[in-house]
Amino acid sequence: MIGGSSGRILYWPGMGRSPLELFDFHRRMEDNGYSIDIMPHKYDVGETPDNPESSIYQWTNNLAKTGADWWIGLSLGASVAYLVASAISAKAIPKRITLINPFADRVQLAWEKNFSLVGQWLLSPVNHYLHVPIVDIVLSLNDDRIPIEHGKRLLPMITASELRVVMLNADHAVTASSAQLELADVLLCGRYTCT
C-alpha cells in the first residue's frame with residue numbers, strides 16, 4: 001500500500017454510474033486489502049459540489065469520520081472529486097486522490113465536443129487549487145471524450161508532495177480488463193517497489 005493509507009477508498013463514478021464501471025480495477029484493489037465505498041450522491045443535482053450548501057460538500061466534509069483517505073474518480077467523478085477536495089475543510093481532505101480522465105473546464109469541453117450543458121453543473125476545476133499530499137492524474141491515450149490536454153491543464157493548479165501523471169493505453173472509461181488491471185498495479189506500486 002502507498003504510505004499512510006487506511007485501506008479505504010472513496011470511488012467517484014463517472015456520469016453513467018454503471019455498477020460494472022472499472023469492475024476488474026476495483027476487484028484488484030480489494031484483493032490488495034482495500035475496501036471501496038461509492039460516492040452515494042448524484043451529480044448535476046442542487047448546488048455545485050464546491051458550494052458549502054451542496055449535499056456532496058456537506059457529506060464529504062463529514063467524511064473524515066469514515067476514514068476513506070484515498071479518493072479515486074473517473075471522468076465527471078474525477079472532476080467533482082477534485083472540486084470537493086479543493087473546497088472542503090483541511091481535516092476532511094484525503095491523503096491521496098487519483099483523477100482518471102478529468103476535464104479542466106466543462107463549458108470548454110462542451111464547446112469542444114459540441115454538447116449541451118442544460119441541467120448540468122458548470123464546473124471548472126482549473127480555476128481551483130488542489131492541496132492533497134499524493135495526486136495521480138491518469139490520462140487515457142485513446143480517450144475520445146475528454147482530450148488529454150484537459151488533465152494536463154490541471155497540473156499547475158496542484159500542490160502535492162507526490163504528483164504523478166500516468167499515461168494509460170486505454171479508452172475514456174478504461175473498459176478493457178487488461179488496462180484496468182495495469183492501472184491498479186501502477187497505482188498500488190506507486191514509487192515503491194512492488195513485491
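Along the sequence shown, the residues carry numbers beginning at 1.
Residues passing the salt bridge (charged side-chain N to carboxylate O under 4.0 Å, His left out) test with Asp50: none are found, sequence neighbours excluded. Scanning for side chain to side chain contact (heavy atoms under 4.5 Å, CB included) contacts around Ser55 gives His41, with sequence neighbours left out.
Using a 4.5 Å cut-off on side-chain heavy atoms (C-beta onward), Pro94 and Leu10 make no contact. Within the 4.5 Å cutoff, the side chain of Trp70 has heavy atoms near those of the Thr98 side chain. When side chains are defined from C-beta on, Met15 counts as touching Gln120, because their heavy atoms get closer than 4.5 Å.
Looking only at atom types and distance, the side chain of Tyr11 has a donor-acceptor partner in the side chain of Glu21 under 3.5 Å away. No side-chain donor from either of Asn101 and Ser75 sits under 3.5 Å from a side-chain acceptor of the other.
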CA sep, side-chain torsions, deciding dist, call: Arg96, Asp136, salt bridge (Lys or Arg N to Asp or Glu O under 4.0 Å): CA-CA 8 Å; Arg96 184 176 185 186; Asp136 313 288; 2.8 Å; yes
Derivation of the salt bridge (Lys or Arg N to Asp or Glu O under 4.0 Å) call for Asp31 and Arg28: CA-CA 5 Å; Asp31 289 347; Arg28 177 66 57 96; 5.2 Å; no
What pairs of donor and acceptor atoms, side-chain ones from residues 82-89 against any protein atom, are under 3.5 angstrom apart with sequence neighbours left out?
unit_1	atom_1	unit_2	atom_2	d
Tyr82	OH	His128	O	2.6
Ser86	OG	Leu83	O	2.7
Ser89	OG	Asn61	OD1	2.9

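The environment of Trp59 atom CH2 is dense: over 12 non-hydrogen atoms of other residues, nucleotides or ligands sit within 6.0 angstrom.
Checked against Gln108 for a side-chain hydrogen bond (donor to acceptor under 3.5 Å, both in side chains), the options Glu149, Lys113, Arg153 give a single hit: Arg153.
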